[in-house]
Amino acid sequence: MSALQSLRPALRTAYGLAVRSDIDLPELEPLPGDGAADLTVRRGALPELPGEGGFRTRFAPERAELWWQTVGTFRVEPGLVTASPHAGVSEDLVAYPLLGSVLALALEQLGLFTIHASAVSVGGNGVVMMGDKGAGKSTTATAMIRAGHPLIADDIVAVDEALLLRPGFPQVKLSPAAAAAFDAPDAVHRPTVPEVPEKCRVLLPGRFARDATPLRRIYRLERAPAGTEPAVIPVSPIEALPLALRFAYVTRFGAEALNGAAGARHLRQAAAIAASGVLHRVIVPHALDRLPEVVALIERDAGAAA
């Protein structure tokens with residue numbers, strides 16, 4: 001064991017799980033003790049997946065395999081991730097898919113419903129922001145954090161059967177411009193990974209909600225012209241289920257990812273979220289100077305939802 005490895009904590013935590021990893025994941029907070037892990041990440045030799053293109057997948061009941069031309073191969077099984085990076089790939093680069101698509105699939109296998117979104121705590125109420133690319137999800141979430149609302153999760157939001165949001169880990173990924181503007185004194189700006197220059201990693205350990213938080217709102221953000229008034233609009237039950245399924249993290253992998261019992265569980269969880277009445281639309285004017293109005297609107301609405 002190297003000197004660096006000997007300094008690593010035996011366990012880290014993410015989404016309420018104890019994680020033991022062969023790959024250094026400083027994004028995750030250390031977990032005291034050296035007990036059993038809920039999720040183990042280990043290195044191992046895996047073959048390249050057959051097919052064409054720079055990203056390939058293969059799914060079977062209780063197994064998912066992913067291959068990136070620039071990173072390597074990952075296999076996800078309940079409670080276990082096997083990582084086989086290409087020679088010379090840094091752990092910082094491995095962490096991008098490992099703490100993204102790979103982790104989302106691992107959480108799904110462990111029974112959590114994952115949403116491609118960001119979440120913050122507003123007065124102890126879990127508030128999720130999801131939307132299409134360019135809808136202002138990261139911008140709005142960052143504005144909420146700067147306004148004093150602790151981060152719950154960025155990129156992957158995990159909801160359990162009790163409709164609680166599990167705390168992810170205290171990092172947000174921002175564009176270089178957004179990261180440069182995030183001047184909070186307690187923010188830790190991590191070095192840029194050369195292979196992913198469009199994403200900057202910012203650690204926010206002092207602005208992180210470490211306990212499971214009741215889900216109160218899921219906002220589907222929608223951009224509107226600059227002169228439009230911000231608004232919160234309830235989503236009807238008929239619209240809610242398709243939205244929950246559309247923005248589920250595993251949707252990006254297609255129907256193949258939800259085979260066997262996993263598909264039935266996923267639909268049941270989406271239906272429960274839709275039936276809870278938490279889904280709303282938020283109209284976001286396309287103007288940065290209107291962002292404080294959006295933040296105030298979400299604060300009022302989420303507070304009233306308690």
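E195 CD: more than 12 foreign heavy atoms inside a 6.0 Å radius. Summarising the local packing, CG of L288 is surrounded by 12 or fewer heavy atoms from other residues, nucleotides or ligands at distances under 6.0 Å. With a 6.0 Å radius and a threshold of 12 heavy atoms from other residues, nucleotides or ligands, R42 has its CZ atom at or below the threshold. Around the NE2 atom of H286, the shell of radius 6.0 Å holds no more than 12 heavy atoms that belong to other residues, nucleotides or ligands.
Using a 4.5 Å heavy-atom cutoff, the side chains of Y96 and V71 are not in contact. Between R220 and R246 the shortest side-chain heavy-atom distance falls below 4.5 Å. V294 places a side-chain heavy atom less than 4.5 Å from the side chain of P285.
With hydrophobic clusters built from ILVMFWY side chains whose heavy atoms lie under 4.5 angstrom apart, V232 does not share a cluster with I273. L203 and V193 fall into different hydrophobic clusters, defined by Ile, Leu, Val, Met, Phe, Trp and Tyr side-chain heavy atoms under 4.5 Å apart, directly or through other members. L112 and I152 are assigned to two separate hydrophobic clusters, defined by single-linkage of ILVMFWY side chains at heavy-atom distances under 4.5 Å. Placement of L80 and L66 in two distinct hydrophobic clusters is found when ILVMFWY residues are connected by side-chain heavy-atom separations under 4.5 Å, directly or transitively. A chain of hydrophobic side-chain contacts below 4.5 Å, direct or via other Ile, Leu, Val, Met, Phe, Trp or Tyr residues, connects L17 to L28.
T228 places no side-chain N or O within donor-acceptor distance of the main-chain N or O of A224, the cut-off being under 3.5 Å. Judged by distance alone, with hydrogens and angles left aside, the side-chain atoms of T140 form a donor-acceptor pair with the main-chain N or O of G136 at under 3.5 Å. Side-chain N or O atoms of E239 include one that pairs as donor or acceptor with a backbone N or O of S236 at under 3.5 Å. In this structure, E48 contributes its side chain and G72 its backbone to no donor-acceptor pair below 3.5 Å. A donor-acceptor distance shorter than 3.5 angstrom exists from the side chain of D22 to the backbone of R43, with no hydrogens or angles considered. With hydrogens and angles ignored, the 3.5 Å screen pairs no side-chain donor or acceptor of Y15 with any backbone N or O of V157. Between the side chain of E65 and the main chain of T57, no donor-acceptor pair closer than 3.5 Å is present. The main-chain N or O of V122 is found under 3.5 Å from a side-chain atom of N125 such that the two form a donor-acceptor pair. Within the 3.5 Å criterion, the main-chain N or O of V128 finds no donor-acceptor partner in the side chain of S118. Here the side chain of T192 pairs no donor or acceptor atom with the backbone of P194 at under 3.5 angstrom.
In this model, a donor atom of one side chain and an acceptor atom of the other lie less than 3.5 Å apart for E299 and H149. Under the 3.5 Å distance criterion, with hydrogens and angles disregarded, a donor-acceptor pair is assigned to the side chains of T114 and E108.
Geometrically, R252 engages Y249 in a cation-pi contact defined by less than 6.0 Å to the ring centre and at most 45° from the axis.
Between L39 and A106 the shortest heavy-atom distance is CD1-CB, 4.1 Å. Minimum heavy-atom separation, D38 to G16: OD2-O, 4.3 Å. Considering all non-hydrogen atoms of both residues, A226 and R290 come closest at O-NH1, 2.8 Å. Closest approach of A262 and L258 over heavy atoms only: O-CD2, 4.1 Å. Nearest heavy atom pair, residue K173 against residue D154, reads N-OD2, 3.0 Å. The minimum heavy-atom distance between A64 and L105, with the atom names listed, is CB-CD1, 4.0 Å.
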Quiz item: What do the steps show when you test R207 against D186 for side chain to side chain contact (heavy atoms under 4.5 Å, CB included), and what is the final call?
Solution: CA-CA 8 Å; R207 302 180 181 223; D186 55 343; 3.1 Å; yes

Quiz item: Step by step, would you call W67 with F74 a ring pair (Phe, Tyr, Trp, His ring centres under 6.0 Å)?
Solution: CA-CA 6 Å; W67 175 87; F74 298 83; over 10 Å; no

Exercise. Could you check H189 against R201 for side chain to side chain contact (heavy atoms under 4.5 Å, CB included), going step by step and ending with a plain yes or no?
Key: CA-CA 6 Å; H189 293 257; R201 303 167 299 166; over 6 Å; no

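With respect to the salt-bridge test (charged N to carboxylate O, under 4.0 angstrom), the residues R210 and E29 qualify.
The aromatic rings of Y219 and H280 sit perpendicular to each other, their planes meeting at more than 60°, with 30° as the lower class boundary.
Of the inter-residue distances, the one linking L151 atom CG with I145 atom CD1 reads 4.5 Å to the nearest 0.5 angstrom. Rounded to the nearest 0.5 angstrom, L25 CG and R20 CZ are separated by 13.0 Å. In this structure, OG in S101 is found 7.5 Å from CD1 in I156, a value given to the nearest 0.5 Å. Atoms CD and CD, from E161 and Q269 in turn, are 4.5 Å apart once rounded to the nearest 0.5 Å.
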